[in-house]
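Contents: one structure, followed by commentary.
Each chain gets a letter, A, B and so on, in the order its sequence line appears, and its residues count up from 1.
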Amino acid sequence: MHDARALLELGADAVRRLARRGYQLDLSALDDLLSRRNKSIQRVDELRSESKRVASEVQRLARQGGETAALKDRARQIKDETRALETEQEHLAAQLRDVLLNVPNLPLDAAPDGDSDADAVEVRRRGTPPSFGFEPKDHVDLGEALGILDFAHATKLSGPRFSIARGAGAALERGLAALMLDLHTRQHGYVEFSMPLLVTPETMTGTGQLPKFAEDLFRTGTANRDLYLIPTAEVPLTNLHAGEILDAGSLPRAYTAHTQCFRSEAGSYGRDTRGLIRLHQFGKVELVRLCDPERSQAELELMVGHAEACLAALDLPYRVVTLAAGDMGFSAQLTYDLEVWLPGQDRYREISSCSDCGTYQARRAGIRMRGKDGRKGLVATLNGSGLPIGRTLAAVLENHQQVDGSIALPAALAPYVGFRTIRPDGTTE
RNA sequence: GGAGGCUUCGCCUAGUUGGUCUAUGGCGCCGCACUGCUAAUGCGGUUCGGGUUGAACGCCCGUCCCGGGUUCGAAUCCCGGAGCCUCCGCCA
């Protein structure tokens, strides 16, 4: 969420930047709404001020044994007037909030023009796509042949877009998560969390999933409560300090969590229907950083590096791209995507999205900091995947497959899974 | 699910016969003074949010868990709700 005044002050520049992501900002409507709200607040405050004066006057008169009936009548009159104006004021405040909640973050100029992944600009490549002396299979064929992935039974249990990992596959999922968490907590300085997967509408609003993207979320109204399944651990990790003021000396804060993520994938019918790429439920290790807004861009570079380290540890070729302004998430002002090489698709596919949200989420969620001088300000929030388990497993299987259908695992995984190879029959050694 | 208790400005806390509560004190924190340094001490400041010019000073309004109500006036009274604690029941 933006500050209305700040947005108006930016004026044409805000309009220009929002237009880059396809949002038409109506400055004069916003200006009108803000000034009407403020005038309304002024009137109400004046009335309340008078009401307080009258009340103390009543007290004074009563003590002296004076006649207070007329003053009390006047006070009742003021109260009626105030009630009406308060209703108007609340209505205007709600309207303003409604408008602001639906304005996306302002893209930084570092984000290129465009509105699709085709408009992303490549920053760097690492690793070399493997050249096989044979036609590489995709992870579905590999996993099913090895007996470590089972989509048919997942569909029987839960319908489309679910997966089952079995034997070495399940061990790999567990091992991948542990490897990444260890990397982030021991090498990169993150604090690990175990978080609720069901959160309130307020929490979902803090990070920007609500009110605009309700249809992307799974929701439950059981037990007479309104709760949503998190689409990413970014939601609980970022909202952890909602409504709090953090000591600036304690920043930056680096948080990580491995959670299941739930997404309705409404509107992606027919896309990536095969395999582990797009599921209703998947595991993911998420990275979140809270920092001084002046440092957010440097923090983003740092965090991208942390996500890259996961891919490097798994010997996976990838590239880093800067997302186009119109392709970024609602709350982001700048996003780098990591794209891993998938031999089964013969192309790079998104495996991590690292975003600098500036103060946008912090203003929504009320996450602030207090400096040594006592001054308060909003923090900046950043989030990135580091990494999703399913897509990473797919990349590992596809990139490290052998001609006989076996998998030669990257050395870093061995301590976590207890084996180096998955044989063609699914057994391990 | 049943019964009871609690919730005040970062933490602890005073305050419930409704009105100088524009909320007390301590700790912590910030500034200044003193001190060879540290410590100690003294003085001052310190809820959060909003409006008033998007500045400073000042002024005004709201805020004592949340939402209603009674009243000229509510931290204080009434109703509803939330969270926490204790006991009972049930349970991985």
Side-chain angles (χ1 to χ4, degrees), chain A residues 1-14 27-28 30-97 99-100 106 194 196-203 205-206 221-227 239-251 253 290 293 359 362-379:
Chain A
M1 184 164 65
H2 299 288
D3 176 64
R5 284 193 209 284
L7 212 49
L8 288 170
E9 189 184 350
L10 282 172
D13 193 48
L27 276 181
S28 65
L30 183 63
D31 188 34
D32 182 58
L33 195 52
L34 180 68
S35 67
R36 279 197 294 147
R37 183 201 66 152
N38 289 352
K39 286 211 174 67
S40 185
I41 288 174
Q42 274 180 57
R43 284 197 296 271
V44 170
D45 281 0
E46 278 162 19
L47 279 176
R48 283 207 268 246
S49 182
E50 186 181 353
S51 158
K52 287 171 80 168
R53 277 200 305 274
V54 172
S56 51
E57 188 64 11
V58 168
Q59 184 191 193
R60 198 180 62 78
L61 272 180
R63 270 192 192 152
Q64 298 171 350
E67 182 49 60
T68 59
L71 268 182
K72 286 185 182 180
D73 280 348
R74 171 63 190 143
R76 271 188 284 267
Q77 216 176 44
I78 293 171
K79 187 160 71 176
D80 289 344
E81 234 180 300
T82 308
R83 287 238 165 109
L85 284 174
E86 272 173 345
T87 306
E88 179 205 55
Q89 182 202 315
E90 280 158 21
H91 180 68
L92 285 168
Q95 251 186 294
L96 181 64
R97 181 176 163 77
V99 168
L100 289 172
L106 300 170
S194 175
L197 306 183
L198 284 163
V199 299
T200 62
E202 292 70 35
T203 300
T205 305
T222 307
N224 209 21
R225 298 172 68 179
D226 190 19
L227 295 173
N239 281 290
L240 183 65
H241 296 298
E244 297 180 9
I245 301 179
L246 306 173
D247 180 359
S250 73
L251 301 176
R253 303 225 184 174
L290 307 179
T359 57
R363 185 173 288 103
R364 284 177 162 247
I367 312 168
R368 292 175 297 167
M369 59 178 189
R370 189 197 308 274
K372 198 96 170 117
D373 55 3
R375 284 152 65 93
K376 295 181 290 284
L378 293 165
V379 303

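- For B/C6, the paired nucleotide is B/G83, the pair qualifying as Watson-Crick or G-U wobble because both relevant distances are below 3.5 Å.
- Partners of A/D226 according to the side-chain hydrogen bond (donor to acceptor under 3.5 Å, both in side chains) rule, which considers only residues two or more places apart in sequence or in another chain, are A/R219.
- Separating the NZ atom of A/K39 from the C1' atom of B/U52 is a distance of 12 Å, rounded to the nearest angstrom.
- The CD atom of A/E86 sits 13 Å away from the C1' atom of B/G68 (whole-angstrom rounding).
- Atom CG in A/L61 sits about 18 Å away from atom P in B/G19, given to the nearest Å.
- Rounded to whole Å, the distance from CG on A/L92 to P on B/G50 is 18 Å.
- Nucleic acid contact class of A/R37 (heavy atoms, under 4.0 Å, all strands): sugar-phosphate only.
- No donor-acceptor distance shorter than 3.5 angstrom exists from the side chain of A/N239 to the backbone of A/A242, with no hydrogens or angles considered.
- Side-chain polar atoms of A/R53 and A/S56 form no donor-acceptor pair below 3.5 angstrom.
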Q.
One character per nucleotide, please: for nucleotides 58-64 of chain B, 5' to 3', B when the base has a protein heavy atom closer than 4.0 Å, S when only the sugar-phosphate does, - otherwise.
A. --SSS--

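- Between A/R370 and the phosphate of B/C48, there is a side-chain N or O to OP1/OP2 separation shorter than 4.0 Å.
- Remark: B/U22 base-pairs with no nucleotide in the shown strands. Criterion, Watson-Crick or G-U wobble with two distances under 3.5 Å.
- Distance, A/K72 NZ to B/G19 C1': 12 Å, rounded to whole Å.
- Each of B/G51, B/C72, B/U70 was ranked by its minimum atom distance to the side chain of A/Q42; first place goes to B/G51.
- One C1' atom belongs to B/G15, the other to B/A92, and the distance between them is 45 Å to the nearest Å.
- Following rounding to the nearest Å, A/E90 (CD) and B/G50 (P) show an atom-to-atom distance of 17 Å.
- Between A/E88 and the options A/R36, A/K39, A/R83, A/R43, a salt bridge (charged side-chain N to carboxylate O under 4.0 Å, His left out) holds for only A/R43.
- A search for side-chain hydrogen bond (donor to acceptor under 3.5 Å, both in side chains) contacts involving A/S51 returns nothing, not counting sequence neighbours.
- For the P atoms, the distance from B/G81 to B/G5 is 16 Å, rounded to whole Å.
- Distance CZ (A/R43) to C1' (B/U52): 15 Å, rounded to an integer number of Å.
- Across all strands shown, A/A75 has heavy atoms under 4.0 Å from sugar-phosphate atoms exclusively, and none from any base.
- Under the Watson-Crick or G-U wobble criterion, with both distances below 3.5 Å, B/C57 has no partner in any strand shown.
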Q: Starting from the C-alpha separation in whole Å, work towards a yes-or-no answer on side-chain contact (heavy atoms from CB on, under 4.5 Å) for A/L96 and A/L30.
A: CA-CA 8 Å; A/L96 181 64; A/L30 183 63; 3.8 Å; yes

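- Note that CG of A/L92 and CZ of A/R97 are 15.0 Å apart. Values are rounded to the nearest 0.5 Å.
- The A/I245 side chain lies nearest to B/C48 when the options are B/C48, B/U52, B/U70.
- Between B/G51, B/C72, B/C48, one nucleotide has an atom nearer to the side chain of A/I41 than all others, and that is B/G51.
- A/D247 places its CG atom 15 Å from the C1' atom of B/U46, with the value rounded to the nearest Å.
- Listed for the A/T200 side chain is a donor-acceptor partner under 3.5 Å among the backbone atoms of A/T203.
- Comparing atom distances between the A/R76 side chain and each of B/U70, B/C48, B/C72 picks out B/C72 as nearest.
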